[in-house]
Amino acid sequence: MGAKKNFVLDTNVILHDYKCIENFQENDIYLPIVVLEELDKFKKGSDQINYNAREFVRELDLLTSNDLFLKGASLGAGLGTLHVVTGDKYQEKIALSFPEKTPDHRILSCTLSVAEKTPKIQTILVTKDVNLRMKARALGIQVEDYITDKVINVDIFERAQDTYENIEPDLIDKIYSTPDGLDADMFEFKSKLEPNECFILKSVRASVLARYNPFTGKIKKVEKISNYGIQPRNAEQSFAFEILNDPDVKLVGLTGKAGTGKTLLALAAALKQAGVYKQILLARPIVALANKDIGFLPGDEKQKVAPYMQPLFDNLNVIKNQFAPGSQDVRKIDDLQKNNQLVIEALAFIRGRSLSETFCIIDEAQNLTPHEIKTIITRAGEGTKMVFTGDIQQIDSPYLDAQSNGLAYMVDKMKGQDLFAHVNLVKGERSQLSELASNLL
């Protein structure tokens, strides 16, 4: 246990994780009064950050006594003290560089004030705002990102599936001739395998796509099957269909850059299994570009979010276009939509809804925080399958990155669980031009 420290929290840390004050061990936490002012602005609304603001203020209320503002309130056994800093003067050092008293600059000033009052204790500002971190460093203020839920190793989102070479030719022959698969202990690499991991086996004369099935303890052949008119175009897409079609796998992470087919594959698999689930739900978070609020757009709530939902309808149309207009398969999709058995909408609209016997696809999940992902998964009722798709390199949320987004966090934490599977799609399948742009631009 190192020396005790002081941590000054920015508003965005609380909006990211309303339970953040439990994660600083024995160290003391300081909340600038401007942070409470900013939280007040976020209390109204149905988005996750609004919920986080309300929950944090409730938690604060439980600790509230005059002590919180005078000498601080204890956060519990083994934890430090929480202080709210009021009435601190605007530091001259800050005023010289930033005369305008914006909330960010007031937080910088507060950090200096805390450091002055406790010169023997290291004082650190914690913020998820890169720009504020740069300003702090420029003024010699110690600053850190909130890294409690950061994923250390993101290499798995760069590489394709493993290929095991020099497998005994007889073993591969047996996999082809044994539909249920072979006991995983027959393979030397068994100890390296994660549950539901998919890979390629190669011998000197043949190869096979395979998956380790933790429910049977076997390595079985992955079939290249079509789902609702969509054919897998490469090994990774066949692997995706394998786990999307398995009812025993309740939670799926599909990652990959734009054009790899993540959403299309998930939707095609869901439509194929429409009779198994009461509803197919396809949703995505609304993260306006340039972080502009969608409030300025014309129309009611549904009309405002329609442009953000269009890519999901585009995927549905790709599937419809595999069939002749008016054919039975197209009519089935239309009927599912008409009967509310196939629902495409903004993620905000499904908050509070119980999801039982639902094939639930959350698109663009890299724009969710770890807490938001947890909130969605814990809503899953009996018979529900949840699929999260996204590209961790394409994040629109200003306070998330490749290591701190909810999709990467979920894949990292769920790895090794029998109910979970992850497939990373590497090969783009839109067009040569799309692939080129994704790689070079």
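Numbers for residues simply follow the sequence, beginning at 1. Values below: all heavy atoms of this structure, side chains included; hydrogens, waters and symmetry mates excluded.
- Across every non-hydrogen atom of Val411 and Phe420, the tightest pair is CA-CZ, 3.8 Å.
- Looking at every heavy atom in both residues, Ile395 comes nearest to Ala402 through CD1-N, 3.7 Å.
- Residue-environment remark: CD (Glu165) exceeds the threshold of 12 foreign heavy atoms within 6.0 Å.
- A centroid separation of 6.0 Å or more is found between the aromatic rings of His422 and Phe388.
- Taking 4.5 Å as the limit, every side-chain heavy atom of Gln161 sits out of range of all side-chain heavy atoms of Arg211.
- The pair Lys5-Glu144 fails the salt-bridge criterion, with no side-chain N (NZ, NE, NH1 or NH2) lying under 4.0 Å from an Asp/Glu carboxylate O.
- Other residues, nucleotides and ligands contribute more than 12 heavy atoms inside 6.0 Å of the NZ atom of Lys250.
- Side chain of Gln25 to backbone of Gly80: no donor-acceptor contact under 3.5 angstrom is found.
- At least one donor-acceptor pair under 3.5 Å links the side chain of Glu236 to the backbone N or O of Lys427.
- Using a 4.5 Å cut-off on side-chain heavy atoms (C-beta onward), Phe239 and Leu254 make no contact.
- The nearest pair of heavy atoms linking Tyr90 to Glu100 is OH-O, 3.5 Å.
- His83 and Asn6 share no side-chain donor-acceptor pair at under 3.5 Å.
- Using a cutoff of 4.0 Å between basic side-chain nitrogens and carboxylate oxygens, Asp40 and Lys43 are scored as salt-bridged.
- Note: Asp418 CG to Phe215 CZ = 5.5 Å, rounded to the nearest 0.5 Å.
- Pairing each heavy atom of Ile107 with each of Pro32, the nearest pair is CG1-CG, 4.2 Å.
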_Go through it in stages, so that I can follow the logic: the residues are Arg106 and Glu38, the test is salt bridge (Lys or Arg N to Asp or Glu O under 4.0 Å), and I'd like the CA-CA distance, side-chain angles, deciding distance and then a yes or no._
CA-CA 12 Å; Arg106 287 170 64 190; Glu38 287 201 290; over 6 Å; no

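- At distances below 3.5 Å, not a single donor-acceptor pair connects side-chain atoms of Ser97 with backbone N or O atoms of Ile94.
- Judged purely by atom type and a 3.5 angstrom limit, Gln417 has no side-chain atom pairing as donor or acceptor with the backbone of Met414.
- Between Arg58 and Glu55, at least one side-chain N (NZ, or NE/NH1/NH2) sits under 4.0 Å from a carboxylate O, which counts as a salt bridge.
- Taking OH of Tyr30 as the start and OG1 of Thr118 as the end, the distance is 5.0 Å to the nearest 0.5 Å.
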*Could you walk me through whether Phe24 and Leu79 pass the side-chain contact (heavy atoms from CB on, under 4.5 Å) test, one step at a time?*
CA-CA 7 Å; Phe24 288 89; Leu79 298 173; over 6 Å; no

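- Judged by distance alone, with hydrogens and angles left aside, the side-chain atoms of Gln279 form no donor-acceptor pair with the main-chain N or O of Gln341 at under 3.5 Å.
- Here the OG1 atom belonging to Thr260 is positioned 9.0 Å from the CG atom belonging to Asn234, to the nearest 0.5 angstrom.
- Screening Thr358, Leu355, Val252 for a side chain to side chain contact (heavy atoms under 4.5 Å, CB included) involving Met386 leaves a single residue, Leu355.
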_Full working for side-chain contact (heavy atoms from CB on, under 4.5 Å) between Asn245 and Gln273_ = CA-CA 8 Å; Asn245 290 343; Gln273 299 168 76; 3.4 Å; yes

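- Between the side chains of Thr263 and Asp363, at least one donor N or O sits under 3.5 Å from an acceptor N or O.
- Ion pairing between a basic and an acidic side chain is recognised when a charged N comes within 4.0 Å of a carboxylate O; Lys4 and Asp28 show such pairing.
- More than 12 heavy atoms of other residues, nucleotides or ligands sit less than 6.0 Å from atom NZ of Lys320.
- The CD1 atom of Ile141 sits 5.0 Å away from atom CG of Leu139, with the distance rounded to the nearest 0.5 Å.
- With hydrogens and angles ignored, the 3.5 Å screen pairs a side-chain donor or acceptor of Gln322 with a backbone N or O of Val318.
- Using cut-offs of 30° and 60° for the angle between ring planes, the His105 and Phe98 rings count as parallel.
- A donor-acceptor pair under 3.5 Å is absent between the side-chain atoms of Thr369 and the main chain of Gly406, judged by distance alone.
- Residue pairs that meet the salt bridge (charged side-chain N to carboxylate O under 4.0 Å, His left out) test with at least one member in residues 258-267, sequence neighbours left out, do not exist here.
- Distance alone, capped at 3.5 Å, places no donor-acceptor pair between the Ser404 side chain and the Leu400 backbone.
- By the 4.0 Å N-to-carboxylate-O rule, Arg284 lies close enough to Glu364 to be salt-bridged with it.
- Side chain of Asp246 to main chain of Ile243: no donor-acceptor pair is present (N/O by atom type, distance under 3.5 Å, no hydrogens or angles).
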_For Lys192 and Asp162: C-alpha separation, side-chain torsions, deciding distance, then whether salt bridge (Lys or Arg N to Asp or Glu O under 4.0 Å) applies._
CA-CA 11 Å; Lys192 296 181 189 174; Asp162 287 324; over 6 Å; no

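- The two residues Asn52 and Asp17 have their closest heavy-atom pair at ND2-N, 4.4 Å.
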*Could you go step by step and tell me if Lys415 and Glu197 meet the side-chain contact (heavy atoms from CB on, under 4.5 Å) rule?*
CA-CA 10 Å; Lys415 196 169 53 187; Glu197 186 176 340; over 6 Å; no

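- Salt bridge annotation for Asp145-Lys150: present, with a cationic side-chain nitrogen under 4.0 angstrom from a carboxylate oxygen.
- To the nearest 0.5 Å, atom CG of residue Leu251 and atom CG of residue Asn196 are 10.5 Å apart.
- Contacts of Phe313 classified as ring-ring contact (aromatic ring centres under 6.0 Å, His included), with partners at least two apart in sequence or in another chain: none.
- Ring-centre distance between Tyr212 and Phe187: not below the 6.0 Å cut-off.
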*Verdict with supporting geometry, Asn27 and Ile124, side-chain contact (heavy atoms from CB on, under 4.5 Å)*: CA-CA 11 Å; Asn27 302 298; Ile124 301 164; over 6 Å; no

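- In this structure, the separation between NZ on Lys41 and CG on Asn50 is 14.0 Å, given to the nearest 0.5 Å.
- Closest of all the heavy-atom pairs between Ala269 and Leu244 is CB-CB, 3.6 Å.
- At a cut-off of 3.5 Å, with distance as the only test, no side-chain donor of Asn12 or Tyr146 sits close to an acceptor on the other residue.
- Counting heavy-atom neighbours within 6.0 Å of Ile147 CD1, excluding the residue itself, gives a total of 12 or less.
- Using a distance-only test at 3.5 Å, with no hydrogens or angles considered, a donor-acceptor pair links the side chain of Asn367 to the main chain of Asp396.
- No side-chain donor from either of His371 and Lys19 sits under 3.5 Å from a side-chain acceptor of the other.
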